[in-house]
There are 2 protein chains.
Amino acid sequence: MLTDRQLFILQAIVDDYIHSAEPVGSRNLSKRRGVSYSPATLRNEMADLEDMGYLEKPHSSSGRIPSEQGYRHYVDHLLLPHRLSKKEIQDMQALFAGRVTEAEEVVKQSATILSELTSYASIVLGPEIFQSKLKQVQIIPLNENAAVAILVTDTGHVENHTVSLPKSLNSSDLEKIANILNERLEGVPLYQLHNKIMNEVAGLLKQHVNSFHDALEFTEETLQKSKQEKVFYGGKTNLLSQPEFKDVDKIRMIFELLEEDHTIHELLKPNQRGLTIRIGQENANEAFEDCSIISATYSFNGNPVGTIGIVGPTRMEYPRVIGLIEHLSKDLSIALTNLYTKRS
Amino acid sequence: MLTDRQLFILQAIVDDYIHSAEPVGSRNLSKRRGVSYSPATLRNEMADLEDMGYLEKPHSSSGRIPSEQGYRHYVDHLLLPHRLSKKEIQDMQALFAGRVTEAEEVVKQSATILSELTSYASIVLGPEIFQSKLKQVQIIPLNENAAVAILVTDTGHVENHTVSLPKSLNSSDLEKIANILNERLEGVPLYQLHNKIMNEVAGLLKQHVNSFHDALEFTEETLQKSKQEKVFYGGKTNLLSQPEFKDVDKIRMIFELLEEDHTIHELLKPNQRGLTIRIGQENANEAFEDCSIISATYSFNGNPVGTIGIVGPTRMEYPRVIGLIEHLSKDLSIALTNLYTKRS
DNA sequence: TGTTAGCACTCATTGCTTTCGAGTGCTAAA
DNA sequence: TTTAGCACTCGAAAGCAATGAGTGCTAACA
């Protein structure tokens, strides 16, 4: 077990290294305000901390840097709550000051703000819209082969895609189908659409439309949701300013990974609620071995529907980033939930 | 004026440097197949070419590299038409093989393909939709304060945004407004909407809706087009593999510029028709001083509506990139125009 | 007169030393 | 238990010679 003094020293070293990016030596550490031990004492303690795996040396005669275990212990036990500055809070609240009408838009802007405030890169997932409810369906024929299907949800989200138009359906059929869908499906959560179609709509279609098979297929296609994996990035370029990524190969691996939306989504998708911190190898991905990712879920009407996260070097300003993410994820959840419950 | 031999040598040097990224020396050049001059002769000619500004030396005893003027001359006078490979052509055509129903989607995918085929970064602008015609307007109230406005164009493009709902308009007013708009504005090109509203719609509104002033403002807001500057990027990460950008600061400047959509749009917006090649300083932007940009407009029903472009180092594979861009811009124009004219 | 061989020269790159200094571990004294 | 002292380590920076690909120039050659 670590003594109080060891904890204090570990904390001091991590704090120092986070800001300097330079290995911390005993001499400098002892000069730090608040530290009243001599270099020699510190050396002894630092050697012990290294033996226990909390610190490491880049080479045998250099200062110490925190190991991943060191960061982990710092994050788990030594973190002082960080006071956000006025400006930080204002910048975040400015997001919600305007009329919040579209969830996805706000979420995208969150990514931007977050990367600007942290000068790391941000990743934002979602919001997953399958919980929101269908408000209206529009089918707009474009030519004899294709139509645009538009789904509007109660959260103001609009999805659209083109659907192919079976020859067997004429425009009066389309109108009927649209009417049936709007009548039967308004207020139905998106994830239940498929069931509802099979159980209720199919029967009505059979009753009112001639070529039932085509009509059913067309209906299914019309109500297809866009792929769920919405991944937005902000401030990737910020990473280029970090000294640990001055090597182009390293940053290339990171950037290549950040283009794989699917992998990123898997990595960050909202499984557990609340804040997650992954340090270095904990990310289980070679490209991220020198990165830490801090992420938090945000929720919509009480259910987690997305994630906001920050990618930076393992030497990350944990206290501040955690403060920002916690604050923003809360604000975001409130804003989205307001948006949701205010609907008629 | 350059002699034939000088032209030949210039071409050989540019070709060589483009592929090796190493300064070209007389000795190696003379060993090149097809070159039958001795190193000494080449040295004389190279010195002359340098005096005339077509070549330069990184330092006094190194081989030559093309100057910007050298690239310019190469591009203007020495370019051999490049035969695209089967695979390249296939990859591009695969874009249009499927059902092409939405212009913007195809255009985005063009950016991806282009960056994959070239291993440079691609920039794609547009398509500017203001020429397309309004097909239908939908106004869907979300709550007492806001509604979603949806515009569908004859090209299958769907725009949507939220609009605030004046208290003075009730749902029957909204229905009336939507009816008037659809009746009067179908088939009207988007850029004429404003005029049409003022000239024709305003009168009808006054006639049918009580609070005329609110209604007019609401209508204007409803038909607001999204901002015209659509800029898509592909394969930025490719640039990290180029030896000229192994310096993080250089690449950071480029990436920062590539985040300024507005500047990029200004730089590439379709002014003149056809192919444009900007080499190094011709881009008039410090971040691009080591980059060349090759771009071509694509058109929609005969009018240029967008641009596809490639950003790479000045040492770019000009012949191949030009071949690809020309081919793709033509295909794209045809595909879009087909899409357009096939509409009912 | 245009081409080429020869040669001295240049300069980035590489590898090797040296120096410097911040840092360490260890021992012994306080 | 803490600290002063000291020898030691090792990366970074500086200096230096060797290497070699390249040049410009001159003189010989066809």
Side-chain angles (χ1 to χ4, degrees), chain A residues 1-10 12-17 19-32 34-67 70 243-244 246-247 315, chain B residues 1-10 12-17 19-32 34-67 70 243-244 246-247 315:
Chain A
M1 203 43 220
L2 294 179
T3 65
D4 280 356
R5 190 167 71 180
Q6 285 171 329
L7 288 175
F8 175 79
I9 292 171
L10 175 59
I13 290 175
V14 175
D15 281 338
D16 205 312
Y17 183 64
H19 291 102
S20 71
E22 297 290 328
V24 183
S26 58
R27 184 175 195 69
N28 274 321
L29 189 59
S30 118
K31 276 185 277 185
R32 216 180 114 114
V35 178
S36 53
Y37 312 107
S38 76
T41 308
L42 292 172
R43 278 204 290 281
N44 288 331
E45 295 288 28
M46 286 158 85
D48 289 348
L49 283 168
E50 185 180 354
D51 287 343
M52 290 185 282
Y54 294 101
L55 297 178
E56 48 194 39
K57 284 187 288 191
H59 53 88
S60 76
S61 73
S62 76
R64 305 301 208 290
I65 62 176
S67 66
E244 25 272 283
K246 66 182 190 308
D247 176 26
R315 182 190 61 79
Chain B
M1 203 41 220
L2 294 179
T3 64
D4 280 357
R5 189 166 73 180
Q6 285 171 330
L7 289 175
F8 174 80
I9 292 171
L10 176 58
I13 291 175
V14 175
D15 281 339
D16 205 313
Y17 184 64
H19 290 103
S20 72
E22 297 290 327
V24 183
S26 56
R27 185 178 194 68
N28 274 321
L29 190 59
S30 121
K31 277 185 275 185
R32 218 180 113 113
V35 177
S36 52
Y37 313 106
S38 76
T41 307
L42 291 172
R43 277 203 291 281
N44 288 331
E45 295 287 29
M46 285 158 84
D48 290 348
L49 284 168
E50 186 181 353
D51 287 344
M52 289 186 283
Y54 294 100
L55 297 178
E56 48 194 39
K57 284 187 290 193
H59 54 88
S60 75
S61 73
S62 77
R64 305 300 207 290
I65 62 175
S67 66
E244 26 272 282
K246 66 182 190 308
D247 175 25
R315 182 190 62 78

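Each chain gets a letter, A, B and so on, in the order its sequence line appears, and its residues count up from 1. Side chains are part of it too, since the values below use all heavy atoms of this structure and drop only hydrogens, waters and symmetry mates.
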Engineer: Give B/T41 one of three labels, base, sugar-phosphate or nothing, depending on what nucleic acid heavy atoms sit under 4.0 Å from its own.
Structural biologist: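 Base, at least one base atom sits under 4.0 Å.
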Engineer: Just to confirm, is there a sub-4.0 Å distance from OP1 or OP2 of D/dT23 to any side-chain nitrogen or oxygen of B/R64?
Structural biologist: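 Checking B/R64 against D/dT23: at least one side-chain N or O falls below 4.0 Å of OP1 or OP2.
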Engineer: Starting at the 5' end of DNA chain C and moving along, which residue's nearest nucleotide shows up first, B/S60 or B/P39?
Structural biologist: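 Its nearest nucleotide lies further toward 5', so the answer is B/P39.
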Engineer: What is the distance, rounded to the nearest whole Å, between atom CD of A/E56 and atom P of C/dT24?
Structural biologist: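 These atoms are roughly 14 Å apart.
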Engineer: State which of D/dG24, C/dG23, D/dT23 makes the closest approach to the side chain of A/N28.
Structural biologist: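 Looking only at heavy atoms from C-beta outward on A/N28, the closest nucleotide is C/dG23.
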Engineer: Taking atom types as they are modelled, is there a donor-acceptor pair under 3.5 Å from the base of C/dT4 to the side chain of B/S38?
Structural biologist: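 A donor-acceptor contact between them is absent.
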Engineer: Measure the distance from CD on A/E45 to P on C/dG23 and round it to the nearest whole Å.
Structural biologist: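 Rounded to whole Å, this separation is 18 Å.
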Engineer: Would you say a side-chain N or O of B/S61 is under 4.0 Å from OP1 or OP2 of C/dC9?
Structural biologist: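 So the side chain of B/S61 is outside the cut-off, no N or O lying under 4.0 Å from OP1 or OP2 of C/dC9.
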Engineer: Figure out the CZ/P separation between B/R43 and C/dT10, and round it to whole Å.
Structural biologist: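 Result: 16 Å.
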Engineer: For B/D4, look at atom CG and say whether over 12 heavy atoms of other residues, nucleotides or ligands are found less than 6.0 Å away.
Structural biologist: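 Counting other residues, nucleotides and ligands, CG of B/D4 stays at 12 neighbours or fewer.
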Engineer: Heavy atoms from C-beta onward define the side chain here; which of D/dA4, C/dT10, C/dG25 lies closest to that of A/E50?
Structural biologist: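 Side chain of A/E50 sits closest to C/dG25.
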Engineer: Do B/I13 and B/Y54 touch side chain to side chain, with heavy atoms closer than 4.5 Å?
Structural biologist: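 Result no, sub-4.5 Å side-chain heavy-atom pair not found.
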Engineer: Between A/G25 and A/A40, who's closer to the 5' end of DNA chain C by nearest nucleotide?
Structural biologist: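 Residue closer to the 5' terminus by nearest nucleotide: A/G25.
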Engineer: Output the rounded distance in Å from NE2 (B/H59) to P (C/dT13).
Structural biologist: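 That distance rounds to 6 Å.
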Engineer: With a 4.5 Å limit on heavy-atom distance, are the side chains of B/L49 and B/L2 in contact?
Structural biologist: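 Yes, their side chains come closer than 4.5 Å.
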Engineer: Take atom CG of A/N44 and atom P of D/dG5, then tell me their distance rounded to the nearest Å.
Structural biologist: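 A/N44 atom CG is separated from D/dG5 atom P by 16 Å.
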Engineer: Atom CG of B/L42 to atom C1' of D/dA21: distance rounded to whole Å?
Structural biologist: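 Between C1' of D/dA21 and CG of B/L42: 15 Å.
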Engineer: Could you tell me the separation between the CZ atom of B/R27 and the P atom of D/dG24, rounded to a whole number of Å?
Structural biologist: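 Distance, rounded to whole Å: 16 Å.
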Engineer: For residues B/V35 and B/F8, determine if any side-chain heavy atom of one lies less than 4.5 Å from a side-chain heavy atom of the other.
Structural biologist: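 They are in side-chain contact.
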Engineer: Can you tell which of A/E22, A/E45, A/E50, A/E56 makes a salt bridge (charged side-chain N to carboxylate O under 4.0 Å, His left out) with A/R64?
Structural biologist: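 Among A/E22, A/E45, A/E50, A/E56, the one meeting salt bridge (charged side-chain N to carboxylate O under 4.0 Å, His left out) with A/R64 is A/E50.
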Engineer: Measure from the side-chain heavy atoms of B/K57 and tell me the nearest of D/dC10, D/dT23, D/dT3.
Structural biologist: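 Nearest nucleotide to the side chain: D/dT23.
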Engineer: In this structure, how many angstroms lie between the C1' atom of D/dA12 and the CD atom of A/E22, rounded?
Structural biologist: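 Interatomic distance, CD of A/E22 to C1' of D/dA12: 12 Å.
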Engineer: Please determine if a side-chain N or O atom of B/S62 lies less than 4.0 Å away from the OP1 or OP2 oxygen of D/dA21.
Structural biologist: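 Checking D/dA21 against B/S62, no side-chain N or O comes under 4.0 Å of OP1 or OP2.
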